[in-house]
Amino acid sequence: MNIWKDASAAWPVANPVVTCASPSSIGFPSNFVADPFLYVQNSITMQGDIGVSCSIDKGATWQHLGIALDEDWHLSYPYIFDYNGNIYMMPEGSQKGELRLYRAVNFPMQWTLDKIIMKKALVDSFIIPHEGKFWLFGSDQSGIGTEKNGQLEIWYSSSPHGPWKPHKKNPIYNTDKSVGARNGGRPFVYNGNLYRVGQDCGKTYGRRTRVFKVEVLSTNEFKEVEVPLGVEVSSKGRNAWNGARSHHLDVQQLGSGEWIAVLDGDRVPSGDANRRFILGSAAVIAVSVIVILVGMLVGAVKCIVPLSWCPHNMGKRSDSLLAWERSNVLSSKLRLFCSRLNRASSKLRARIRPSTCMGTLILVLTIVVAIFLMCSGVKNIYGGSGAHEPYPLNGHYSQFTLLTMTYDARLWNLKIYVKHYSRCSSVREIVVVWNKGIPPQSSDFDSAVPVRIRVEEENSLNNRFKMDPSIKTRAVLELDDDIMMTCDDVERGFRVWREHPDRIVGFYPRLINGNHLKYQGEKHARNHNGYNIILTGAAFIDGPMAFGRYWSEKAAAGRALVDKYFNCEDVLMNYLYANASLSEVVEYVKPTWAIDTSKISGVAISRNTKAHYGVRSNCLMKFSDMYGSLLHRKSYFSSRKDGWDL
């Protein structure tokens with residue numbers, strides 16, 4: 001939802017709103033959170049709770065309260081419901097072999113065991129009232145012949161406390177795990193129809209949720225049909241918080257009539273860490289074998305077992321015992337194996353002949369394969385999941401709009417640009433300011449987020465900062481279409497901007513100093529250990545504030561100069577920021593690497609660096625007369641604690 005909160009650094013809030021860091025931050029170490037259920041409590045505090053976290057802004061932000069229930073066995077799926085004036089929770093505790101019902105003593109933090117309603121290891125169960133009866137849906141995966149994650153049973157009773165009778169057609173499902181048999185959240189009623197949420201565990205556990213409309217539910221019959229879920233699947237892959245799987249959905253209607261839903265998600269498939277460790281270890285072992293084989297091939301390694309390992313060298317033995325040892329112990333077998341291996345390596349050397357061209361080529365190819373396997377092994381073991389994750393601020397995530405300005409001759413650059421940056425986690429939309437030529441269609445791009453083409457009537461650099469009410473985020477990343485950097489660098493820049501939303505936060509610093517104002521490159525700033533300009537060709541700004549300043553009456557003379565020189569719009573923005581504040585107005589973030597693709601395509605706007613710098617020097621003098629000097633506004637490298645401004 002587009003929920004805004006002016007006091008925060010960047011809104012709207014983005015998913016995920018609760019992570020494993022939330023309980024860990026208040027002393028409850030956790031490595032995952034899953035199966036969220038809402039309990040809507042219409043009280044004066046307007047709380048919406050999941051037992052351990054509460055929200056007072058319709059789910060946009062959550063405060064972690066602590067652990068509500070802790071048993072000696074695994075607990076999950078805390079299904080919460082009302083009955084006879086009490087609040088009940090029925091968590092999954094299949095490891096205990098029981099289905100337990102807890103009653104809230106002091107909601108949401110204190111619970112007491114109310115009743116063991118079934119001596120059965122049901123997983124992901126819920127209870128709902130329907131047509132005068134209570135119905136219990138759950139999966140029993142402990143039976144012989146049961147399909148894991150593909151089984152569903154239904155039970156019915158006149159009370160949540162039981163006794164429970166099995167449905168006539170149990171098991172309702174015992175089939176492929178992709179059909180959605182296992183429950184995936186709370187059932188809900190909409191327009192008089194009952195809907196059940198199920199899990200598709202086809203390719204990995206909890207791959208996605210599926211929704212089914214229940215058409216018949218009686219003691220003798222059950223029928224449901226699948227309906228569209230209505231949740232778009234992200235195209236960002238592992239860069240999306242739920243890019244690999246999402247196995248739980250809880251839908252609730254608030255007292256205001258609005259609907260709210262919570263989902264869980266993961267960037268990687270189930271067991272991804274174990275799979276990467278196994279693949280990495282296998283690659284390292286393969287490299288070790290290749291190194292030994294290459295060593296044997298060139299004669300640098302010989303398989304020889306020291307005599308001290310042999311049993312006949314370990315003291316006095318009887319003849320019968322010595323004969324037994326020689327024929328059976330490991331060292332005898334090892335010596336025999338090494339002897340045969342040495343003979344095999346001699347034959348291999350005779351065939352390959354390392355001193356010949358062909359032999360040398362085989363050795364080189366073998367070494368290349370070994371290097372590739374080693375890199376692959378190290379990446380799998382130590383390289384993480386491969387996701388470029390966003391950096392939270394105070395436990396919250398956000399999103400920004402990416403804006404670039406271009407024209408028809410740079411369409412090749414733009415397509416690469418959109419494909420790459422649309423996969424970054426926090427990018428919500430890409431706005432292309434089209435200055436000249438026939439504009440492309442949004443469908444022309446391979447993008448994981450919406451692409452909007454804003455066609456301008458006049459070819460002006462001032463269009464970059466034009467007011468745009470269609471932009472739905474406070475943060476805007478102005479990024480030239482010929483700059484390529486990692487999503488991680490972009491996310492780090494966004495994190496710094498969220499800490500300093502009143503500043504220009506970017507990746508290209510410049511320093512203006514001395515009596516004669518002269519525009520110079522980053523090397524000059526490095527030599528003087530400081531900067532007072534951040535180029536807005538790669539910088540985060542507060543969109544509404546920055547655009548408002550740029551198109552104010554005060555900036556009219558500066559905009560006219562930009563049109564005259566067809567240059568300096570980024571310099572003007574820096575002067576306008578400095579003119580409006582007495583504190584620091586720029587922050588630098590060092591990118592890991594950055595590539596200028598215009599040098600490859602040959603469509604750079606400023607090909608003559610000397611002439612380009614000369615025009616900018618003129619702009620500096622004129623802007624200083626109009627808006628004041630920047631000489632006293634120097635910021636220093638390596639001044640922040642995050643270490644990203646070296």
Side-chain angles (χ1 to χ4, degrees), residues 2 4 6 9-12 399-407 428-436 439 452-481 497 500-506 508 510 512 532-587 605 615-616 618-630 633:
N2 293 323
W4 291 72
D6 293 338
W11 282 69
Q399 292 177 308
F400 62 86
T401 298
L402 183 61
L403 187 147
T404 189
M405 186 169 62
T406 190
Y407 62 102
R428 174 171 175 155
E429 179 191 28
I430 296 178
V431 177
V432 178
V433 179
W434 194 262
N435 259 4
K436 187 177 69 173
R452 179 162 57 91
I453 312 296
R454 197 179 81 196
V455 181
E456 301 293 346
E457 296 179 358
E458 181 184 356
N459 184 13
S460 170
L461 296 181
N462 290 320
N463 293 334
R464 177 193 291 274
F465 302 118
K466 185 175 287 187
M467 297 292 293
D468 190 343
S470 297
I471 292 177
K472 300 301 182 183
T473 63
R474 180 179 176 185
V476 174
L477 172 58
E478 296 271 357
L479 186 62
D480 289 346
D481 64 330
W497 180 85
H500 309 285
D502 57 335
R503 304 178 188 180
I504 300 174
V505 178
Y508 291 91
R510 298 291 185 266
I512 309 304
N532 48 22
I533 282 181
I534 290 292
L535 300 187
T536 56
F540 285 93
I541 56 175
D542 181 334
M545 181 182 74
F547 299 159
R549 287 176 180 174
Y550 196 87
W551 288 93
S552 65
E553 185 62 32
K554 182 186 294 185
R559 295 197 304 272
L561 197 67
V562 169
D563 281 335
K564 177 182 177 181
Y565 290 136
F566 202 74
N567 203 327
C568 305
E569 81 286 356
D570 50 353
V571 178
L572 174 58
M573 181 63 82
N574 278 266
Y575 272 92
L576 295 175
Y577 260 75
N579 182 262
S581 176
L582 296 176
S583 60
E584 294 184 19
V585 294
V586 290
E587 288 289 341
I605 294 177
V615 172
R616 287 180 161 250
N618 289 334
C619 291
L620 292 175
M621 291 185 286
K622 294 184 181 296
F623 289 156
S624 295
D625 292 338
M626 294 177 184
Y627 307 110
S629 174
L630 295 179
R633 308 303 290 268

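Residue Asn574 holds its CG atom at 7.0 Å from CG of Leu630, rounded to the nearest 0.5 Å. The distance from atom CD1 of Ile534 to atom CZ of Arg510, rounded to the nearest 0.5 Å, is 9.0 Å. Note that SG of Cys619 and CE of Met626 are 9.0 Å apart. Values are rounded to the nearest 0.5 Å. With values rounded to the nearest 0.5 angstrom, Asn463 atom CG is found 13.5 Å from Trp434 atom CH2. With values rounded to the nearest 0.5 angstrom, Ile512 atom CD1 is found 8.5 Å from Ser624 atom OG. Taking OG1 of Thr401 as the start and CZ of Arg474 as the end, the distance is 13.5 Å to the nearest 0.5 Å.
Note that Arg503 lies outside the cation-pi zone of Tyr577, set by a 6.0 Å cut-off to the ring centre and a 45° limit from the axis.
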Checklist entry - side-chain contact (heavy atoms from CB on, under 4.5 Å) between Tyr407 and Asn459: does it pass, once the steps are laid out? => result CA-CA 9 Å; Tyr407 62 102; Asn459 184 13; over 6 Å; no
Next on the checklist: Please evaluate residues Asp468 and Arg452 with respect to the criterion side-chain contact (heavy atoms from CB on, under 4.5 Å), reporting the C-alpha separation (whole Å), side-chain torsions for both, the decisive distance (0.1 Å), and the verdict.
Outcome noted: CA-CA 12 Å; Asp468 190 343; Arg452 179 162 57 91; 3.0 Å; yes
Checklist entry - Can you check side-chain contact (heavy atoms from CB on, under 4.5 Å) on Phe566 and Val615, steps first, answer last? => result CA-CA 9 Å; Phe566 202 74; Val615 172; over 6 Å; no
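Taking both residues in full, the closest heavy atoms of Asp563 and Ser460 are given as OD1-OG, 2.6 Å, listed atom of the first, atom of the second, then distance. Considering all non-hydrogen atoms of both residues, Asp481 and Thr404 come closest at N-OG1, 3.1 Å. Contact record, Ser552 with Arg559: O-NH1, 3.0 Å, taken as the closest heavy-atom pair. A pairwise comparison of heavy atoms in Arg633 and Val585 identifies NH2-CG1, 3.9 Å as the closest pair. Here the shortest heavy-atom pairing between Ile541 and Trp497 reads C-NE1, 3.6 Å. Between Leu572 and Gly558, the closest heavy-atom pair is CD2-C, 3.6 Å.
A donor-acceptor pair under 3.5 Å links the side-chain atoms of Tyr627 to the main chain of Lys554, judged by distance alone.
Side-chain atoms of Arg454 and Leu403, non-hydrogen and from C-beta on, do get closer than 4.5 Å to each other. You'll find the side chain of Glu456 stays beyond 4.5 Å of the side chain of Met405, heavy atoms only.
Among the candidates Thr536, Asp570, Ile533, the single residue satisfying the side-chain contact (heavy atoms from CB on, under 4.5 Å) test with Ile504 is Thr536.
Among residues two or more places apart in sequence or in another chain, the side-chain contact (heavy atoms from CB on, under 4.5 Å) test is passed with Met467 by Phe547. Considering only residues two or more places apart in sequence or on other chains, Glu478 meets the side chain to side chain donor-acceptor pair (under 3.5 Å) condition with Arg464. Listed by chain and residue number, Asn462 satisfy the side chain to side chain donor-acceptor pair (under 3.5 Å) test with Tyr550 (two or more places apart in sequence, or in another chain).
Using a 4.0 Å cut-off between charged side-chain N and carboxylate O, Arg549 and Asp542 make no salt bridge.
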